*Asks:* 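Take this structure first; my questions come after.
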There are 2 protein chains.
Amino acid sequence: MHSFTEENYLKTIYYLAARQEGEVTTNSLAEMTATKAASVSDMLRKLAEKQLIHYKKYQGVRLTEEGERLALKVIRRHRIWEVFLAEKLGFGWDEVHEMAEELEHIRSEDLVQKLDAFLGYPQFDPHGDPIPSPAGQMPTVEYTKLSEVTIGEEVQVMGVLEHSPEFLQHLDKTGLNLGCRVLVQDVNAFDKSVSVQINHEKTLFVSNEVARNLLVN
Amino acid sequence: MHSFTEENYLKTIYYLAARQEGEVTTNSLAEMTATKAASVSDMLRKLAEKQLIHYKKYQGVRLTEEGERLALKVIRRHRIWEVFLAEKLGFGWDEVHEMAEELEHIRSEDLVQKLDAFLGYPQFDPHGDPIPSPAGQMPTVEYTKLSEVTIGEEVQVMGVLEHSPEFLQHLDKTGLNLGCRVLVQDVNAFDKSVSVQINHEKTLFVSNEVARNLLVN
DNA sequence: AAAAATTTTTAGACTCGTCTAAATTTTTAT
DNA sequence: ATAAAAATTTAGACGAGTCTAAAAATTTTT
Ligand SMILES: [Mn+2]
Ligand SMILES: [Mn+2]
Ligand SMILES: [Mn+2]
Ligand SMILES: [Mn+2]
């Protein structure tokens with residue numbers, strides 16, 4: 001079987017590949033996994049030996065089919081556990097990620113299958129991220145950043161790009177929860193901050209920094 | 001913090017101490033943890049340094065107060081997760097232990113607290129074992145082995161001493177579930193096997209081997 | 001096209017938890 | 001009370017995963 005650590009590397013490679021063009025670099029992996037480049041190099045050699053990644057020295061890295069299958073399995077487990085923690089145990093969306101980081105490594109096909117059923121086969125996690133299918137397919141979603149919505153449009157908050165507890169708590173505080181309706185009233189030409197009306201009620205200002213990390217549709 | 005491995009040693013020492021008199025031996029720990037005596041010796045030295053056990057070379061081992069507190073925390077988590085797996089996800093009592101062996105190491109006070117609440121503060125796990133309190137107290141239970149019940153008495157199945165899937169599946173097959181009523185009709189003088197009536201319905205024969213591992217009252 | 005800067009890999013070391021083989025201590029048997 | 005047997009500890013090694021420092025390759029700058 002595969003170690004905890006290997007699973008984390010595969011997952012991280014998947015995420016970095018999804019957000020960039022081309023191969024994933026050693027340095028970006030080191031930063032993301034909070035290790036040093038030397039450690040990453042070592043691990044890449046091992047993962048390549050196990051045929052989980054395509055790897056040519058100095059040329060960056062890409063998941064093989066098998067590697068991607070495994071990465072998606074881990075991501076599926078992570079997101080299903082996040083749903084459980086939020087829906088059933090009442091944790092906030094700012095709290096679930098850390099625990100899911102551990103729970104995602106519990107290895108039992110049966111467990112994740114039964115948990116999925118218990119939760120009613122959810123399609124999205126508490127952050128609006130889609131849950132990969134049992135077969136290992138990542139659903140495609142077409143969201144826009146709030147920062148790119150034109151004045152006058154009304155959209156719905158569907159997810160976040162930034163997952164830090166600080167950001168999520170900030171959203172909680174301002175009432176920008178998943179599913180809430182947002183009418184874009186104005187965009188400041190100078191700092192690109194956005195003036196929005198939420199759920200046809202209160203109006204508030206959203207910085208461009210925040211707007212760029214809010215996914216809507 | 002403490003590693004998975006350390007938690008497992010502490011838990012194992014607790015169990016062995018509960019079932020024997022006096023100090024726990026290196027060899028019994030080696031057998032229980034499926035390692036070699038040499039590895040156990042090494043780990044005992046480390047645990048003693050951390051003040052989690054009382055340890056004198058060649059003289060066996062005993063948990064300190066802090067060590068017992070930690071052991072009971074792990075056992076509490078294990079049993080609460082077993083309840084979740086059985087009650088909420090529908091796993092059989094023969095399946096839950098293995099998964100709980102992994103889940104018990106997820107470290108979050110909050111998680112086990114919320115899970116406990118979600119389950120309605122259960123007192124016993126699916127095998128009838130009592131769940132230690134959040135403060136780290138192991139409830140005392142006074143059960144008798146079915147093999148020691150006198151003819152004519154009616155008792156209730158409250159737990160098991162043997163936790164192997166094979167044994168539990170055997171009980172499932174014969175209908176000897178937790179909570180069922182058992183009337184002892186006869187005890188065979190030769191092999192100590194027991195003739196019992198279950199729930200005032202069917203009669204069946206229980207070997208002494210099985211009767212010794214069934215807790216009743 | 002060289003030189004400088006950056007990125008990546010290699011070399012060598014460390015911790016954790018494990019092992020086998022050998023040494024030591026304790027227990028049991030004679 | 002010795003000798004033999006059993007239990008336990010120590011010595012030395014290993015794999016996984018990490019680190020720092022140094023070497024090598026690649027990219028950027030001049
Ligand atoms: Mn997450
Ligand atoms: Mn998420
Ligand atoms: Mn168990
Ligand atoms: Mn149990």
Side-chain angles (χ1 to χ4, degrees), chain A residues 1-13 16-17 19-63 67 70-71 74 101-102 104-107, chain B residues 1-13 16-17 19-63 67 70-71 74 101-102 104-107:
Chain A
M1 260 298 122
H2 308 100
S3 72
F4 210 92
T5 312
E6 285 172 340
E7 288 191 346
N8 281 334
Y9 272 91
L10 293 175
K11 189 182 59 162
T12 307
I13 294 167
L16 287 174
R19 86 161 58 147
Q20 298 158 174
E21 259 318 296
E23 269 73 19
V24 174
T25 67
T26 301
N27 262 357
S28 61
L29 277 166
E31 191 189 354
M32 196 98 160
T33 55
T35 62
K36 296 301 158 77
S39 313
V40 173
S41 266
D42 253 14
M43 182 56 79
L44 293 183
R45 198 181 27 72
K46 286 184 212 163
L47 292 174
E49 265 168 33
K50 295 193 177 185
Q51 320 245 45
L52 296 172
I53 58 175
H54 296 292
Y55 173 52
K56 274 192 198 152
K57 279 185 195 173
Y58 296 98
Q59 302 308 138
V61 81
R62 193 162 47 81
L63 292 173
L70 277 171
V74 179
E101 282 292 305
E102 299 190 48
E104 71 187 7
H105 300 294
I106 307 284
R107 256 176 297 266
Chain B
M1 261 299 119
H2 307 101
S3 70
F4 272 43
T5 312
E6 284 172 341
E7 289 190 345
N8 282 334
Y9 272 90
L10 293 175
K11 189 182 58 162
T12 307
I13 293 167
L16 288 174
R19 87 161 56 149
Q20 298 160 173
E21 258 318 295
E23 268 73 19
V24 174
T25 67
T26 300
N27 263 357
S28 61
L29 278 166
E31 191 189 354
M32 196 99 160
T33 56
T35 63
K36 296 302 158 78
S39 313
V40 173
S41 267
D42 251 16
M43 182 57 79
L44 293 183
R45 197 180 29 69
K46 286 184 212 164
L47 292 174
E49 264 169 34
K50 295 192 179 187
Q51 320 245 44
L52 297 171
I53 57 174
H54 297 292
Y55 173 52
K56 274 190 198 154
K57 279 185 198 174
Y58 296 99
Q59 301 308 138
V61 82
R62 193 162 47 81
L63 291 174
L70 277 171
V74 179
E101 282 293 304
E102 298 191 49
E104 72 188 6
H105 300 293
I106 307 283
R107 255 178 296 268

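None of the values given here were measured: they were computed from a predicted structure. Numbered from 1 within each chain, the chains take letters A, B, ... in sequence-line order.
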*Asks:* Grab the two heavy atoms, one from A:Ala30 and one from A:Ala37, that are nearest each other, plus how far apart they are.
*Replies:*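 So the minimum-distance heavy-atom pair works out to CB-N, 3.7 Å.
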*Asks:* Whether A:Tyr9 contacts D:dA16 is assessed here as follows: a side-chain N or O lying under 4.0 Å from the phosphate OP1 or OP2. Is that the case?
*Replies:*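 A:Tyr9 to D:dA16 OP1/OP2: no side-chain N or O under 4.0 Å.
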*Asks:* Whole-Å distance between D:dG15 P and A:Glu49 CD?
*Replies:*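 Rounded to the whole Å, the gap is 13 Å.
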*Asks:* For C:dG17, does either OP1 or OP2 sit under 4.0 Å from a side-chain N or O belonging to B:Thr5?
*Replies:*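 Checking C:dG17 against B:Thr5, a side-chain N or O does come within under 4.0 Å of OP1 or OP2.
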*Asks:* Does D:dA16 have its OP1 or OP2 closer than 4.0 Å to a side-chain nitrogen or oxygen of A:Lys46?
*Replies:*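 The answer is no; no side-chain N or O of A:Lys46 sits under 4.0 Å from OP1 or OP2.
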*Asks:* Tell me the interatomic distance from B:Asn8, atom CG, to C:dT18, atom C1', rounded to whole angstroms.
*Replies:*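 After rounding, the gap between these two atoms is 14 Å.
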*Asks:* Where are the stems of DNA chain D, defined as at least 3 consecutive Watson-Crick or wobble G-U pairs with both distances under 3.5 Å?
*Replies:*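 If one scans DNA chain D for consecutive Watson-Crick or G-U pairs, the stems found are C:1-30 with D:1-30.
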*Asks:* Going by the rule salt bridge (charged side-chain N to carboxylate O under 4.0 Å, His left out), which residues pair with A:Glu6 if we only count those two or more places apart in sequence or in a different chain?
*Replies:*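 Salt bridge (charged side-chain N to carboxylate O under 4.0 Å, His left out) list for A:Glu6, sorted by chain: A:Lys50.
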*Asks:* Counting only heavy atoms not in B:Gln51, do more than 12 fall under 6.0 Å of its CD?
*Replies:*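 Result for CD/B:Gln51: open.
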*Asks:* Which pair of heavy atoms, one from B:Gly67 and one from B:Leu10, lies closest together, and at what distance?
*Replies:*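 Shortest heavy-atom separation between B:Gly67 and B:Leu10 comes out as O-CD1, 4.3 Å.
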*Asks:* With side chains defined as the heavy atoms from C-beta onward, is the minimum distance between B:Leu44 and B:Leu29 less than 4.5 Å?
*Replies:*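 Sidechains of B:Leu29 and B:Leu44: in contact.
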*Asks:* Other residues, nucleotides and ligands only: do more than 12 of their heavy atoms fall within 6.0 Å of CD on A:Glu31?
*Replies:*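 Count not over threshold, so no.
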*Asks:* Are the side chains of A:Tyr9 and A:Thr35 in contact, using a 4.5 Å heavy-atom criterion?
*Replies:*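 Heavy-atom side-chain distance check passes, below 4.5 Å.
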*Asks:* Atom CG of A:Leu29 to atom P of D:dG17: distance rounded to whole Å?
*Replies:*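 Whole-Å distance recorded here is 15 Å.
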*Asks:* Which is true for B:Phe4 with a 4.0 Å heavy-atom rule: it touches a base, it touches only sugar-phosphate, or it touches nothing?
*Replies:*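 It contacts nothing in the nucleic acid.
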*Asks:* Could you please name the option among C:dT20, C:dG17, D:dG17 that lies closest to any side-chain atom of A:Ser3?
*Replies:*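 It is D:dG17.
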*Asks:* Take atom CD of A:Glu101 as the centre, draw a 6.0 Å sphere, and report whether it contains more than 12 heavy atoms from other residues, nucleotides or ligands.
*Replies:*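 Yes.
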*Asks:* Mark up nucleotides 4-10 of chain C, 5' to 3', with B wherever a protein heavy atom is under 4.0 angstrom from a base atom, S wherever such an atom reaches only the sugar-phosphate, and - elsewhere.
*Replies:* ---SBBB
*Asks:* Relative to each other, are the rings of B:Phe4 and B:His105 parallel, tilted or perpendicular (30° and 60° limits)?
*Replies:*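 The arrangement is parallel - the two ring planes meet at less than 30°.
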